[in-house]
Novice: 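Starting off with a structure, shown below.
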Amino acid sequence: MAEACLGKHLVFEDAGQVVAGRIVEAEAYLGPEDRAAHSFGGRRTDRNEVMYGPPGHAYVFFIYGMHFHMNLVTDAPGFPSAVLIRAVEPLLGEEVMRSRRGNPKKRVLLTNGPGKLCQAFGIHRDHGGYDLCQPPLYLADGPAPQKIRRVPRIGVDYAGGWAKRLLRFVDAESSFLSVPPPKPTRKRGAVASVE
DNA sequence: TGAATGATTTACT
DNA sequence: GTAAATCATTCAA
């Protein structure tokens, strides 16, 4: 599921401005069993409520007092799994992104991180729960990456054994990744078939 | 009612 | 490389 998100185009129409990006990095969060997920333990709260709803919706949350993250709810109602969008490549509205991000010198700094891309897209708390199948926030088909790499997730070391799981999917050829892949290993698959 | 913490980013040493 | 910024949500009392 998370793998299928790579290459898709994330489009957001807001205030007459249209911004779009190609997803190059995503992480899977697997419901009640995943210690790194907000839905761990089956706790159903106001914040993660949307993860328990139908798939295809946006789960946006505020973290660290200053950043937003965007997820795609991926599983059936009642099972809280989601895919975190960690990085995209700018396609449309790059100037809008640039102004929102404070005119960074390097184009890559616009969207190479979860908090960065949300700021660039202008996504915030109020967009949580949006249906991603229709405007103003939606996904469109795009070319799949030629080389997809599975690597451990980022920033979830506290998750015990789950931190080692290869639940992060990246476009190996993209230069917009939030963190460069650890090793140029070419071996993939052969790990937990969880998705 | 109060304290702890996080799916991060940025700046500074 | 290390530390600070900063607040909604969560856990404890």
Side-chain angles (χ1 to χ4, degrees), chain A residues 1-3 5-6 10 21 23-53 55 57-75 79-90 97-130 132 137 149-171 175-182 192 194-195:
Chain A
M1 195 61 216
E3 190 169 1
C5 290
L6 293 183
L10 177 65
I23 299 172
V24 296
E25 181 174 353
E27 287 181 10
Y29 285 85
L30 308 172
E33 296 181 6
D34 189 347
R35 192 160 171 217
H38 290 159
S39 50
F40 172 66
R43 301 192 311 276
R44 185 166 183 161
T45 65
D46 289 340
R47 179 167 65 161
N48 62 31
E49 175 65 29
V50 64
M51 288 175 78
Y52 285 84
H57 286 239
Y59 169 41
V60 180
F61 64 92
F62 192 49
I63 192 86
Y64 291 119
M66 50 179 76
H67 298 291
F68 291 104
H69 282 208
M70 197 187 100
N71 297 253
L72 311 183
V73 179
T74 58
D75 226 310
F79 193 85
S81 62
V83 173
L84 167 69
I85 306 303
R86 290 189 58 89
V88 302
E89 286 182 9
M97 295 182 189
R98 192 180 299 279
S99 65
R100 282 205 269 243
R101 292 272 307 126
N103 295 301
K105 292 169 184 168
K106 296 180 181 177
R107 183 165 169 268
V108 71
L109 294 177
L110 288 173
T111 57
N112 69 330
K116 293 177 190 173
L117 82 86
C118 283
Q119 186 182 3
F121 271 69
I123 291 173
H124 60 90
R125 182 171 188 64
D126 292 346
H127 300 111
Y130 272 41
L132 292 171
L137 180 62
R149 188 176 297 168
R150 303 180 57 146
V151 296
R153 288 182 294 187
I154 305 298
V156 292
D157 292 341
Y158 63 85
W162 284 92
K164 299 183 294 187
R165 298 295 212 93
L166 303 183
L167 294 175
R168 175 175 172 237
F169 298 81
V170 306
D171 176 349
S175 55
F176 284 83
L177 305 181
S178 58
V179 180
V194 281
E195 279 205 47

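Because the structure is a prediction, the values reported are computed rather than measured. In what follows, chains are A, B, ... by sequence order, proteins preceding strands, each numbered from 1.
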Novice: Could you tell me if the side chain of S39(A) sits less than 4.5 Å from the side chain of D34(A), heavy atoms only?
Specialist: no

Novice: Summarise how protein sits on nucleotides 4-9 of chain C as a single string, 5' to 3': B when a protein heavy atom is under 4.0 Å from the base, S for sugar-phosphate-only contact, - for no contact.
Specialist: -BBBSS

Novice: Enumerate all atom pairs, one protein N or O and one N or O from nucleotides 11-13 of chain C, separated by less than 3.5 Å.
Specialist:
none

Novice: Quick one: side-chain hydrogen bond (donor to acceptor under 3.5 Å, both in side chains) partners of N112(A), sequence neighbours excluded?
Specialist: K116(A)

Novice: Under 3.5 Å, which donor-acceptor pairs link side chains of residues 120-130 of chain A to any protein atom two or more places apart or in another chain?
Specialist:
unit_1	atom_1	unit_2	atom_2	d
H124(A)	ND1	D126(A)	N	3.3
H127(A)	ND1	H124(A)	N	2.9
H127(A)	ND1	H124(A)	O	3.3

Novice: Give me the stems containing DNA chain B, sorted by first residue, counting only three or more consecutive Watson-Crick or G-U pairs with both distances under 3.5 Å; say none if there aren't any.
Specialist: B:1-6 with C:7-12, B:8-12 with C:1-5

Novice: Go through the structure and list residues passing salt bridge (Lys or Arg N to Asp or Glu O under 4.0 Å) with R107(A), not counting sequence neighbours.
Specialist: E94(A)

Novice: Between residues 108-123 of chain A and DNA chain C, which residues have a heavy-atom gap below 4.0 Å?
Specialist: none

Novice: Show every donor-acceptor pair shorter than 3.5 Å between a side-chain atom in residues 80-90 of chain A and any protein atom, with sequence neighbours excluded, or say none if there are none.
Specialist:
unit_1	atom_1	unit_2	atom_2	d
S81(A)	OG	T74(A)	OG1	3.0
S81(A)	OG	D75(A)	OD2	3.4
R86(A)	NE	E25(A)	OE2	3.1
R86(A)	NE	E27(A)	OE2	3.4
R86(A)	NE	S178(A)	OG	3.4
R86(A)	NH2	S178(A)	OG	3.2
E89(A)	OE2	S174(A)	OG	2.9

Novice: Which residues in residues 79-90 of chain A have at least one heavy atom lying under 4.0 Å from any atom of DNA chain C?
Specialist: none

Novice: K106(A): what forms a side-chain contact (heavy atoms from CB on, under 4.5 Å) with it, not counting sequence neighbours?
Specialist: V108(A), L109(A)

Novice: With sequence neighbours excluded, tell me which residues meet side-chain contact (heavy atoms from CB on, under 4.5 Å) with F62(A).
Specialist: F68(A)

Novice: I want to check something: taking the side chain as every heavy atom from C-beta on, are Y59(A) and L72(A) in contact at a cut-off of under 4.5 Å?
Specialist: no

Novice: Once salt bridge (Lys or Arg N to Asp or Glu O under 4.0 Å) is applied, do any residues pair with E33(A), and if so which ones, sequence neighbours excluded?
Specialist: none

